[in-house]
Amino acid sequence: MKFLIISGNPKKDGLCHGAEEELIRGFAEGGADCEVLTLEKLDRCHVCGDGWGICREQHRCAFGNDGFSAAQEKVKAADAYCFITPVYWAEMAEALKNFFDRLRRCEASRQFGGGGDPSALAGKQVLLVASPGGSGNGLLSCLEQMDRFCRHTGAVIFDYIGINRWNNDYKKEALRAAARALAQGRKAGETL
Ligand SMILES: Cc1cc2nc3c(=O)[nH]c(=O)nc-3n(C[C@H](O)[C@H](O)[C@H](O)COP(=O)(O)O)c2cc1C
(Lines give C-alpha, C1' and ligand atoms only; values in the text may rest on other atoms or scores of the structure.)
Protein backbone atom coordinates (compact mmCIF):
# COMPACT_ATOMS: atom_id res chain seq x y z
CA MET A 1 0.00 0.00 0.00
CA LYS A 2 1.26 3.47 -0.92
CA PHE A 3 -0.01 6.31 1.26
CA LEU A 4 0.14 9.93 0.22
CA ILE A 5 -0.08 12.69 2.83
CA ILE A 6 -1.32 15.77 0.96
CA SER A 7 -0.43 18.74 3.10
CA GLY A 8 -1.52 22.38 2.99
CA ASN A 9 0.92 23.26 5.77
CA PRO A 10 3.50 25.93 4.81
CA LYS A 11 5.54 25.53 8.02
CA LYS A 12 8.39 23.29 9.12
CA ASP A 13 7.53 23.46 12.81
CA GLY A 14 4.46 23.97 14.98
CA LEU A 15 1.21 22.15 15.60
CA CYS A 16 0.40 21.01 12.07
CA HIS A 17 3.94 19.85 11.39
CA GLY A 18 3.90 17.86 14.65
CA ALA A 19 0.65 16.23 13.53
CA GLU A 20 2.25 15.27 10.19
CA GLU A 21 5.13 13.62 12.02
CA GLU A 22 2.71 11.47 14.01
CA LEU A 23 1.00 10.36 10.81
CA ILE A 24 4.33 9.38 9.28
CA ARG A 25 5.18 7.37 12.41
CA GLY A 26 1.81 5.64 12.31
CA PHE A 27 2.09 4.66 8.64
CA ALA A 28 5.60 3.32 9.27
CA GLU A 29 4.40 1.29 12.27
CA GLY A 30 1.69 -0.20 10.05
CA GLY A 31 4.34 -1.21 7.52
CA ALA A 32 3.21 1.12 4.73
CA ASP A 33 5.12 3.38 2.37
CA CYS A 34 4.24 7.02 2.86
CA GLU A 35 5.15 10.20 0.99
CA VAL A 36 4.31 13.80 1.86
CA LEU A 37 3.11 16.00 -1.01
CA THR A 38 3.51 19.74 -0.34
CA LEU A 39 1.88 22.28 -2.59
CA GLU A 40 3.17 25.79 -1.89
CA LYS A 41 4.60 26.30 -5.38
CA LEU A 42 1.38 25.51 -7.27
CA ASP A 43 -0.70 28.21 -8.90
CA ARG A 44 -4.45 28.58 -8.52
CA CYS A 45 -7.02 27.54 -11.15
CA HIS A 46 -7.08 29.94 -14.13
CA VAL A 47 -10.77 29.19 -14.83
CA CYS A 48 -10.18 28.81 -18.57
CA GLY A 49 -12.73 29.60 -21.28
CA ASP A 50 -16.22 30.30 -20.03
CA GLY A 51 -15.68 28.26 -16.88
CA TRP A 52 -14.16 25.03 -18.19
CA GLY A 53 -10.87 24.37 -19.92
CA ILE A 54 -9.35 21.11 -21.17
CA CYS A 55 -9.85 19.76 -17.63
CA ARG A 56 -13.44 18.86 -18.54
CA GLU A 57 -12.64 16.60 -21.52
CA GLN A 58 -8.95 15.72 -21.12
CA HIS A 59 -8.84 15.54 -17.30
CA ARG A 60 -5.58 17.45 -17.11
CA CYS A 61 -4.77 21.10 -16.49
CA ALA A 62 -3.58 23.37 -19.32
CA PHE A 63 -1.17 24.98 -16.83
CA GLY A 64 -0.05 21.68 -15.31
CA ASN A 65 3.66 22.22 -15.90
CA ASP A 66 3.86 24.33 -12.73
CA GLY A 67 4.01 21.02 -10.88
CA PHE A 68 0.28 20.29 -10.89
CA SER A 69 0.49 17.43 -13.43
CA ALA A 70 3.26 15.74 -11.44
CA ALA A 71 1.18 16.09 -8.27
CA GLN A 72 -1.87 14.66 -10.09
CA GLU A 73 0.23 11.62 -11.08
CA LYS A 74 1.22 11.08 -7.44
CA VAL A 75 -2.45 11.16 -6.45
CA LYS A 76 -3.23 8.55 -9.14
CA ALA A 77 -0.40 6.28 -8.01
CA ALA A 78 -1.38 6.31 -4.32
CA ASP A 79 -3.67 3.69 -2.76
CA ALA A 80 -4.90 5.86 0.11
CA TYR A 81 -4.42 9.34 1.53
CA CYS A 82 -4.29 11.66 4.45
CA PHE A 83 -5.30 15.28 3.77
CA ILE A 84 -3.91 17.61 6.41
CA THR A 85 -4.15 21.38 6.73
CA PRO A 86 -3.90 24.20 9.22
CA VAL A 87 -7.25 25.96 9.52
CA TYR A 88 -7.08 29.41 7.91
CA TRP A 89 -10.21 31.56 8.06
CA ALA A 90 -12.20 28.47 8.98
CA GLU A 91 -11.16 26.84 5.70
CA MET A 92 -8.30 24.79 4.27
CA ALA A 93 -5.01 26.63 3.79
CA GLU A 94 -4.85 28.29 0.38
CA ALA A 95 -2.25 25.87 -1.03
CA LEU A 96 -4.50 22.86 -0.45
CA LYS A 97 -7.64 24.69 -1.53
CA ASN A 98 -6.00 25.75 -4.81
CA PHE A 99 -4.75 22.24 -5.49
CA PHE A 100 -8.13 20.68 -4.77
CA ASP A 101 -9.90 23.23 -6.99
CA ARG A 102 -7.78 22.08 -9.93
CA LEU A 103 -7.73 18.38 -9.06
CA ARG A 104 -11.51 18.25 -8.61
CA ARG A 105 -12.10 19.65 -12.08
CA CYS A 106 -9.76 17.06 -13.64
CA GLU A 107 -10.94 14.06 -11.66
CA ALA A 108 -14.64 14.65 -10.94
CA SER A 109 -15.22 15.45 -14.64
CA ARG A 110 -14.20 11.91 -15.62
CA GLN A 111 -17.64 10.73 -14.61
CA PHE A 112 -19.72 13.42 -16.30
CA GLY A 113 -22.40 11.86 -18.47
CA GLY A 114 -21.89 8.51 -16.74
CA GLY A 115 -19.85 5.57 -17.90
CA GLY A 116 -16.49 7.36 -17.88
CA ASP A 117 -13.38 6.20 -16.09
CA PRO A 118 -13.62 6.71 -12.36
CA SER A 119 -11.71 9.54 -10.75
CA ALA A 120 -8.18 8.76 -9.55
CA LEU A 121 -9.45 8.93 -5.97
CA ALA A 122 -12.61 6.84 -6.43
CA GLY A 123 -13.01 4.17 -3.77
CA LYS A 124 -9.73 5.09 -2.05
CA GLN A 125 -9.71 5.81 1.67
CA VAL A 126 -8.84 9.23 3.10
CA LEU A 127 -8.07 10.40 6.63
CA LEU A 128 -9.02 14.08 7.03
CA VAL A 129 -7.01 16.15 9.52
CA ALA A 130 -7.41 19.86 10.33
CA SER A 131 -5.49 21.91 12.90
CA PRO A 132 -7.15 25.12 14.07
CA GLY A 133 -4.14 26.41 15.96
CA GLY A 134 -5.44 29.83 16.93
CA SER A 135 -8.88 30.25 18.51
CA GLY A 136 -9.77 26.65 17.71
CA ASN A 137 -12.73 27.91 15.66
CA GLY A 138 -13.41 26.84 12.11
CA LEU A 139 -12.64 23.14 12.53
CA LEU A 140 -16.00 21.89 11.32
CA SER A 141 -16.24 24.17 8.30
CA CYS A 142 -12.70 23.22 7.28
CA LEU A 143 -13.39 19.49 7.58
CA GLU A 144 -16.67 20.01 5.73
CA GLN A 145 -14.78 21.64 2.86
CA MET A 146 -12.45 18.63 2.64
CA ASP A 147 -15.44 16.29 2.95
CA ARG A 148 -17.10 17.96 -0.05
CA PHE A 149 -13.97 17.47 -2.17
CA CYS A 150 -14.04 13.75 -1.27
CA ARG A 151 -17.73 13.45 -2.24
CA HIS A 152 -17.08 15.10 -5.61
CA THR A 153 -14.11 12.86 -6.40
CA GLY A 154 -15.49 9.60 -5.00
CA ALA A 155 -12.92 9.21 -2.21
CA VAL A 156 -14.03 7.23 0.86
CA ILE A 157 -13.68 9.11 4.16
CA PHE A 158 -12.01 6.92 6.77
CA ASP A 159 -12.10 9.42 9.66
CA TYR A 160 -12.06 13.10 10.62
CA ILE A 161 -9.56 14.35 13.22
CA GLY A 162 -9.22 17.89 14.59
CA ILE A 163 -6.14 18.86 16.59
CA ASN A 164 -5.64 22.10 18.50
CA ARG A 165 -3.43 23.76 21.13
CA TRP A 166 -5.15 22.17 24.14
CA ASN A 167 -5.88 18.66 22.86
CA ASN A 168 -2.75 17.83 20.87
CA ASP A 169 -1.40 15.41 23.50
CA TYR A 170 -4.19 12.90 23.05
CA LYS A 171 -5.01 13.82 19.44
CA LYS A 172 -1.44 13.04 18.37
CA GLU A 173 -1.96 9.55 19.77
CA ALA A 174 -5.20 9.31 17.78
CA LEU A 175 -3.47 10.44 14.58
CA ARG A 176 -0.72 7.88 14.96
CA ALA A 177 -3.23 5.12 15.73
CA ALA A 178 -5.47 6.09 12.79
CA ALA A 179 -2.53 6.03 10.35
CA ARG A 180 -1.39 2.67 11.73
CA ALA A 181 -4.90 1.21 11.40
CA LEU A 182 -5.18 2.45 7.82
CA ALA A 183 -1.77 1.03 6.95
CA GLN A 184 -2.78 -2.31 8.43
CA GLY A 185 -5.79 -2.45 6.15
CA ARG A 186 -8.71 -1.29 8.26
CA LYS A 187 -11.72 -0.25 6.16
CA ALA A 188 -14.30 2.44 6.83
CA GLY A 189 -17.60 0.79 7.74
CA GLU A 190 -16.10 -2.34 9.31
CA THR A 191 -17.22 -2.97 12.89
CA LEU A 192 -14.39 -3.68 15.35
C1 LIG B 1 -4.35 33.52 7.69
C2 LIG B 1 -4.59 32.68 8.92
C3 LIG B 1 -5.90 32.40 9.32
C4 LIG B 1 -6.13 31.61 10.45
N5 LIG B 1 -7.42 31.29 10.79
C6 LIG B 1 -7.64 30.49 11.86
C7 LIG B 1 -8.97 30.06 12.21
O8 LIG B 1 -9.95 30.36 11.52
N9 LIG B 1 -9.12 29.30 13.32
C10 LIG B 1 -8.05 28.93 14.09
O11 LIG B 1 -8.24 28.25 15.10
N12 LIG B 1 -6.79 29.27 13.76
C13 LIG B 1 -6.56 30.03 12.68
N14 LIG B 1 -5.29 30.35 12.33
C15 LIG B 1 -4.16 29.75 13.08
C16 LIG B 1 -3.72 28.45 12.35
O17 LIG B 1 -4.77 27.51 12.35
C18 LIG B 1 -2.51 27.83 12.98
O19 LIG B 1 -1.41 28.60 12.61
C20 LIG B 1 -2.43 26.40 12.44
O21 LIG B 1 -3.29 25.56 13.13
C22 LIG B 1 -1.21 25.74 12.52
O23 LIG B 1 -0.59 25.88 13.77
P24 LIG B 1 0.94 25.93 13.61
O25 LIG B 1 1.20 27.24 12.94
O26 LIG B 1 1.51 25.83 14.99
O27 LIG B 1 1.26 24.75 12.75
C28 LIG B 1 -5.03 31.12 11.21
C29 LIG B 1 -3.73 31.41 10.79
C30 LIG B 1 -3.50 32.17 9.66
C31 LIG B 1 -2.07 32.39 9.20
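Numbering of ligands and ligand atoms starts at 1, following listing order.
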Exercise. Should Glu173 and Arg176 be marked as a salt bridge (charged side-chain N to carboxylate O under 4.0 Å, His left out) after you check the CA-CA gap, both sets of side-chain angles, and the distance that decides it?
Worked result: CA-CA 5 Å; Glu173 288 177 25; Arg176 189 164 168 174; over 6 Å; no
For this session: Applying side chain to side chain contact (heavy atoms under 4.5 Å, CB included) between Phe149 and each of Asp101, Leu128, Val126, Leu121, report the one that passes.
Result: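 Running side chain to side chain contact (heavy atoms under 4.5 Å, CB included) over Asp101, Leu128, Val126, Leu121 with Phe149 returns exactly one hit, Leu121.
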For this session: Compile the protein residues with any heavy atom at a distance under 4.0 Å from an atom of ligand 1; present them by chain, then by number.
Result: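 Those residues closer than 4.0 Å to ligand 1 by some heavy atom are Lys11, Gly14, Leu15, Cys16, Pro86, Val87, Tyr88, Trp89, Ala90, Ser131, Pro132, Gly133, Gly134, Ser135, Gly136, Asn137.
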For this session: Sequence neighbours left out, what passes salt bridge (Lys or Arg N to Asp or Glu O under 4.0 Å) with Arg165? Give chain and number order.
Result: none
Problem set entry | Atom pair CD/CD of Gln184 and Glu29 - distance to nearest 0.5 Å |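 The CD atom of Gln184 sits 8.5 Å away from the CD atom of Glu29.
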Problem set entry | With His46 via ring-ring contact (aromatic ring centres under 6.0 Å, His included) - residues at least two apart | Phe63
Exercise. With sequence neighbours left out, which residue pairs that include part of residues 31-40 fulfil the side-chain hydrogen bond (donor to acceptor under 3.5 Å, both in side chains) condition?
Worked result: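 Output for this query lists Glu35-Lys74.
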